[in-house]
Amino acid sequence: MTQSGLVLSSVDNHVALITVNDPDRRNAVTGEMSALLRAAVEQAEADPGAHAVVITGAGKAFCAGADLSALGAAGGEATESGLKELYDGFMAVGECKLPTIAAVNGAAVGAGLNLAMAADVRIVGPGAVFDSRFQKLGLHPGGGATWMLQRAVGPQVARAALLFGMRFDAEAAVRHGLALSVADDPVAAALELAAGPAAAPRDVVIATKATMRATASLGSVDTEQHELAMRTELGPQATSIQSPEFAARLAAAQRR
C-alpha cells in the first residue's frame, strides 16, 4: 500500500484501489492531489500484479471539483499551465492502459465529474450526484468535459448538462448511460466487476483496451481525442477564470 495522505493506493487480488483522500474538503482537487493521483495510476500501470484500477473518494463525496482557491491561483500569467496541473490526475486516469472503474460514492462535481468520466466504467452509490456546475461558477468547461460528456451520454443530454444545468442522481445516471449500475456499496461492486480482468492474462487485458480505443472512432485513438478536447477548452476556460464574475464567486467562496 502507498499512503501519500491525499491519495491512498493498494493492490489486492490483481486490482489496484486508489482513493482520493481529503474528506474534510470533500476531496477537492488541488495541484498536489492531482500529481499524487497521476503517480498512483502510473504505479499501478507499472505493477505486473495489477490488472485493473478502481478509483473512489474517501468520506461522503467522490470529488467536489477543483479547489476554487487553486483555480484562482491558476488565473495569473500561467493560467493554462496551472489548469493542466489540476487536470493531470484525471488525464492520467483517462490515459491508463489498464481497465478503470470509478466507484462514485457521493457527489461528483465539476472536475470530480471529469475524474469519474475519465474512467472506463462508473458504478454509483444510491447518494451519488453528477453535476457539471461549470456554468454556475462562471467557468467554461475544462479538462475535456465537453468531449467526455458527449461520449458518455450523447450530444443532447450533454448539452442539457453543460448549457442548462441538468444534474444526474444515481438512477438518472444509469438511465442516461453515465453509469453502469447502482450499488449500495459501489467500491465492493467495482471490485467484483474488476475480478474479470483480474483473472485474465494481463497482456490480453491491456491489448483489448488498446484495441477498443483504436476502434471507437476509426482513424484516431480516444486518448488523442481527449487531449485535443482538453486543449481546445483551455483558452476559453482561462479567459473565464480571469473574468469579474468568477472573481466574485471565488471571493464569496473564500468568505465561507
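The chain is numbered in sequence order, starting from 1.
- Linking Ile, Leu, Val, Met, Phe, Trp and Tyr residues whenever their side-chain heavy atoms come within less than 4.5 Å leaves V109 and V129 in two separate clusters.
- Atoms CE and CG, from M91 and L115 in turn, are 12.5 Å apart once rounded to the nearest 0.5 Å.
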Atom pairs and distances, donor-acceptor, side-chain atoms in residues 137-160, under 3.5 Å, two or more places apart:
residue	atom	partner	partner atom	Å
T146	OG1	E233	OE2	2.4
Q150	NE2	T146	O	3.1
R151	NH2	M117	O	3.3

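- Side-chain contact, E85 with S34: no donor N or O sits under 3.5 Å from an acceptor N or O.
- Note: the hydrophobic cluster containing V41 does not contain V205 (ILVMFWY, side chain heavy atoms under 4.5 Å, direct or indirect links).
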Does the side-chain contact (heavy atoms from CB on, under 4.5 Å) test come out yes or no for V20 and M33, once each step is laid out?
CA-CA 8 Å; V20 289; M33 176 186 282; 4.2 Å; yes
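- The two residues A102 and A119 make their nearest non-hydrogen contact at N-CB, 3.6 Å.
- The local environment of CG in N13 is sparse, with at most 12 non-hydrogen atoms from other residues, nucleotides or ligands closer than 6.0 Å.
- Expressed to the nearest 0.5 Å, how far CZ of F62 lies from CZ of R26 amounts to 12.5 Å.
- Using modelled atom types and a 3.5 Å distance limit, the side chains of T56 and N105 yield a donor-acceptor pair.
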M166 vs H176, side-chain contact (heavy atoms from CB on, under 4.5 Å): CA-CA, chis, key distance, verdict:
CA-CA 12 Å; M166 179 179 176; H176 290 292; 3.4 Å; yes
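- The nearest pair of heavy atoms linking C63 to V29 is SG-CG2, 3.5 Å.
- Atom CG in L113 sits 8.0 Å away from atom CG in D131 (nearest 0.5 Å).
- Contact check for L234 versus K84: side-chain heavy atoms found under the 4.5 Å cut-off.
- Between the side chain of R202 and the backbone N or O of A50, at least one donor-acceptor pair lies under 3.5 Å.
- Using cut-offs of 30° and 60° on the angle between ring planes, the pair H226 and F90 is parallel.
- Distance check, rounded to the nearest 0.5 Å: CD1 of I55 to SG of C96 gives 7.5 Å.
- Between E227 and R231 there is a salt bridge, since a side-chain N of the basic residue sits under 4.0 Å from a carboxylate O of the acidic one.
- Side-chain atoms of K209 never come within 3.5 Å of backbone atoms of K97 as a donor-acceptor pair (strictly under, hydrogens ignored).
- The environment of NZ in K60 is sparse: at most 12 heavy-atom neighbours from other residues, nucleotides or ligands sit within 6.0 Å.
- In this structure, A66 and A111 approach most closely via the heavy-atom pair N-CB, 3.6 Å.
- Through side-chain heavy atoms spaced under 4.5 Å, either directly or across other Ile, Leu, Val, Met, Phe, Trp or Tyr residues, I123 is tied to V15, L17, V54, I101, V121, L180, V187, L191, L193.
- Closest of all the heavy-atom pairs between A16 and A44 is CB-CB, 3.8 Å.
- A salt bridge links R38 to E42: at least one charged side-chain nitrogen sits closer than 4.0 Å to a carboxylate oxygen.
- Checking side-chain atoms of N27 against main-chain N and O of G57 turns up no donor-acceptor pair under 3.5 Å.
- The two residues A116 and V104 make their nearest non-hydrogen contact at CB-CG2, 4.0 Å.
- Rounded to the nearest 0.5 angstrom, H51 NE2 and D203 CG are separated by 9.0 Å.
- Between the NE2 atom in H14 and the CG atom in D47 there is a gap of 10.0 Å [rounded to 0.5 Å].
- Residues T100 and D120 bring a donor and an acceptor atom of their side chains to less than 3.5 Å of each other.
- Side chain of D67 to backbone of T30: no donor-acceptor contact under 3.5 angstrom is found.
- Listed here is the closest heavy atom pair of R213 and D222: CG-OD1, 3.0 Å.
- Within 6.0 Å of the CG atom in D184, the count of heavy atoms belonging to other residues, nucleotides or ligands does not exceed 12.
- Side-chain contact between V7 and T19 is absent, with no heavy atoms from C-beta onward closer than 4.5 Å.
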I'd like to know whether K136 forms a side-chain contact (heavy atoms from CB on, under 4.5 Å) with F134, so could you lay out the CA-CA distance, the side-chain angles of the two residues, the decisive distance to 0.1 Å, and finally the verdict.
CA-CA 6 Å; K136 293 177 187 175; F134 292 107; over 6 Å; no
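- With a 4.5 Å cut-off on side-chain heavy atoms, I241 and S243 do not count as touching.
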